[in-house]
Protein chains: 2
Amino acid sequence: MADEIASVVDTRGRILDAAERLFAQHGLEATSMRMLSAAAGCNLASTNYHFGGKEGLIREVFRRRLTWLNRERLRVLDEMEAAATGRPLKPHLILEAFFGVALRMAADSEGGGATFMRLLGRTYAEPSQFIRNFLAEEYAAVLERFKRALFRALPAVPEAEIVWRLHFMLGAMSYAIAGTDALKLIAHCELDEANPAAALAPRLMSFLLGGLRAPLPAGCTAQRAKPDAKVRRSRRAA
Amino acid sequence: MADEIASVVDTRGRILDAAERLFAQHGLEATSMRMLSAAAGCNLASTNYHFGGKEGLIREVFRRRLTWLNRERLRVLDEMEAAATGRPLKPHLILEAFFGVALRMAADSEGGGATFMRLLGRTYAEPSQFIRNFLAEEYAAVLERFKRALFRALPAVPEAEIVWRLHFMLGAMSYAIAGTDALKLIAHCELDEANPAAALAPRLMSFLLGGLRAPLPAGCTAQRAKPDAKVRRSRRAA
DNA sequence: GTCTATATTCAGATAGAC
DNA sequence: GTCTATCTGAATATAGAC
């Protein structure tokens, strides 16, 4: 990762850094290749030379961070599962592996991780077809893996319910990371935190865990509930 | 509202309906005034005549639904508070007033409410300054009111924590409504629901309530906790 | 109020010199 | 690899006839 990120020397790296920053600030479409080239201190033609067009550039901006992020998520999860020696992981560990890694990246304001996570959060809502397909590809394996881990961790909760809740958790995280200003709007009064980005992680984690372990909605039948009395316990014991 | 929405007769209404649909589908910037005029069956110049430009049109698309939505939220909350005769409302009722109203609108596929809510969900992540300011204005009063209701309902939870959690809940809802396809990505296997939009509401509500009532993150001191033994109870009794 | 026609600006992309 | 210069298309917006 270190080789690939934040190269002040070569043009290619400078373009990617500038793109990341401007995309996060103004959005993908509102950022023109001209704007971007100027910010990177190079020529318009150069950006097209390196990435073959705007679409290629966007893809690369996401790829260089996302592959690392998702690999790291899997690494942490693997580590945890190895330590658990066959027993299902507790839900809070699974969330830690998925969201904790992302939140640590979002708190890294020097390496550009914060900028990228802001961009990523906004991009989840992007209607453009090509970017949705691209993100779907990048995420498919990771989501599948974490989904299965949650299934194992919460055997009393119907799988469909877990899928929905994973969806909700992704939304809460995206929005929380992308919208710092939205929080200020709600707060109105000053939040006492000096650094909101650092204060976010523990707060979001406990919120997500609460949502994941919430009582099931009325009329929801447990499809895989074991016929013993541990049902209630396993919904609490995270 | 009935007068203002879905007029097939007058051009102005047809433009608004077409704009709502196309904005939700392609995004604000990716939808051109030409595309939009064609879909509305009128001329490009006409749309500029009625709304004074693209920005004015966007503003009006949101205004006609948002003022109704937020007024309805306040109406329901007022009604609940009147019925409670001075006692603080239970958290689940407050969430019902805020999110329930929105979710019912999102489930209305005939009146265009579903389309609009999809648009709204995506727009929360919009980086454009003018649209953020506009939404901030439209929401300020409602958020303030619901914030205070939650403060009263959860006296043992620090106000800052409630603000954060309101923020998280807004994110979960936006994303849940905006991203139907994202869910399919996660699911991979088929969800048995015939109508995902209708299945959403109870699931999201229980998730949000679980998050709102989650145990406080470690190191979080209750700033207004009363010095009696009811603290634990009031965090559960929703 | 609705149209045709047009002004203006700016987007993404490329050819070709160096 | 990087530049200048330019092509081509599409965007918002408006002037002015009807």
Side-chain angles (χ1 to χ4, degrees), chain A residues 3-4 6-62 64 119 123 126-131 133-134, chain B residues 3-4 6-62 64 119 123 126-131 133-134:
Chain A
D3 304 349
E4 235 186 324
S7 353
V8 265
V9 275
D10 66 313
T11 310
R12 200 184 136 91
R14 282 200 329 269
I15 294 173
L16 285 172
D17 290 344
E20 185 171 79
R21 191 166 48 83
L22 291 175
F23 285 157
Q25 195 170 350
H26 305 111
L28 299 181
E29 276 196 300
T31 304
S32 74
M33 296 292 269
R34 289 178 154 83
M35 232 188 276
L36 206 151
S37 306
C42 76
N43 193 272
L44 164 65
S46 199
T47 71
N48 281 305
Y49 168 81
H50 281 290
F51 304 99
K54 189 173 184 174
E55 193 171 305
L57 172 59
I58 292 175
R59 218 183 287 269
E60 190 55 23
V61 164
F62 283 94
R64 70 167 179 167
L119 168 60
T123 310
E126 187 77 31
S128 153
Q129 199 54 51
F130 113 82
I131 192 80
N133 289 342
F134 173 72
Chain B
D3 304 348
E4 235 186 326
S7 351
V8 264
V9 278
D10 65 314
T11 311
R12 199 186 137 91
R14 284 201 327 271
I15 294 173
L16 285 172
D17 289 345
E20 185 172 79
R21 190 167 48 84
L22 292 176
F23 285 157
Q25 195 171 350
H26 305 112
L28 298 182
E29 276 196 300
T31 304
S32 73
M33 296 291 268
R34 287 177 154 79
M35 231 188 277
L36 206 150
S37 306
C42 76
N43 192 271
L44 164 65
S46 201
T47 71
N48 280 304
Y49 168 79
H50 281 290
F51 304 99
K54 190 173 184 175
E55 192 172 303
L57 172 60
I58 292 175
R59 216 183 288 269
E60 189 56 22
V61 164
F62 284 94
R64 69 168 179 166
L119 169 59
T123 309
E126 187 75 32
S128 153
Q129 198 53 52
F130 113 81
I131 193 78
N133 289 342
F134 174 72

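The figures here come from the full heavy-atom set of this structure, side chains too, leaving out hydrogens, waters and symmetry mates.
In this structure, B:Arg21 and B:Ala39 approach most closely via the heavy-atom pair NH2-CB, 3.9 Å. Taking every heavy atom of both residues into account, B:Met35 and B:Ala30 meet most closely at CE-O, 3.1 Å.
Computed from coordinates, the A:Leu36 CG to C:dA11 C1' distance equals 13 Å when rounded to whole Å. Rounded to a whole Å, the CD1 atom of B:Ile58 is 14 Å from the P atom of D:dA11. Atom pair A:His26:NE2 and C:dA11:C1' shows a separation of 16 Å (rounding to whole Å applied). Atoms CG (B:Leu57) and P (D:dA11) sit 15 Å apart, rounded to a whole Å. Summarising the geometry, the separation between CZ on A:Phe51 and P on C:dG12 is reported as 15 Å, rounded to the nearest angstrom. A:His50 places its NE2 atom 8 Å from the C1' atom of D:dT2, with the value rounded to the nearest Å. For the pair B:Arg14 CZ and C:dG1 P, the interatomic distance rounds to 13 Å; values are reported in whole Å.
A close approach under 4.0 Å does occur between a side-chain nitrogen or oxygen of B:Thr11 and OP1 or OP2 of C:dT2. For D:dA10, neither phosphate oxygen OP1 nor OP2 lies less than 4.0 angstrom from any side-chain nitrogen or oxygen of B:Ser32. For the OP1/OP2 pair of D:dG1 and a distance below 4.0 Å, the side-chain nitrogens and oxygens of A:Ser46 include no atom meeting the criterion.
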Quick one, B:Arg12 with B:Ile15, criterion side chain to side chain contact (heavy atoms under 4.5 Å, CB included). Give me CA distance, side-chain angles, the key distance, then yes/no. CA-CA 5 Å; B:Arg12 199 186 137 91; B:Ile15 294 173; 5.8 Å; no
Show your working on side chain to side chain contact (heavy atoms under 4.5 Å, CB included) between B:Phe23 and B:Thr123 and close with a plain yes or no. CA-CA 10 Å; B:Phe23 285 157; B:Thr123 309; over 6 Å; no
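B:Glu20 meets the salt bridge (charged side-chain N to carboxylate O under 4.0 Å, His left out) test with B:Arg64, B:Arg65; sequence neighbours excluded. For A:Ala38, the side-chain contact (heavy atoms from CB on, under 4.5 Å) criterion is met by no residue, not counting sequence neighbours.
Using a 4.0 Å heavy-atom distance criterion, A:Ser37 is classed as making no nucleic acid contact.
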Using a 4.0 Å heavy-atom cut-off, write out nucleotides 13-18 of chain D from 5' to 3' as B (base contacted by protein), S (sugar-phosphate only) or - (no contact). BB----
What pairs of donor and acceptor atoms, side-chain ones from residues 52-59 of chain B against any protein atom, are under 3.5 angstrom apart with sequence neighbours left out?
| unit_1 | atom_1 | unit_2 | atom_2 | d |
| --- | --- | --- | --- | --- |
| B:Lys54 | NZ | B:Leu28 | O | 3.1 |
| B:Lys54 | NZ | B:Thr31 | O | 2.7 |
| B:Glu55 | OE2 | B:Arg59 | NH2 | 2.9 |

Distance-only check: which donor-acceptor pairs under 3.5 Å involve side-chain atoms of residues 42-51 of chain B, not counting sequence neighbours?
| unit_1 | atom_1 | unit_2 | atom_2 | d |
| --- | --- | --- | --- | --- |
| B:Asn43 | OD1 | B:Ala45 | N | 2.8 |
| B:Thr47 | OG1 | B:Leu44 | O | 2.9 |

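B:Gln25 CD to B:Leu22 CG: the interatomic distance, rounded to the nearest 0.5 Å, is 6.0 Å.
Two end axes, each from the C1' atoms of five base pairs, can be drawn for the helix from C:dG1-D:dC18 to C:dC18-D:dG1; they diverge by 0°, to 10 degrees.
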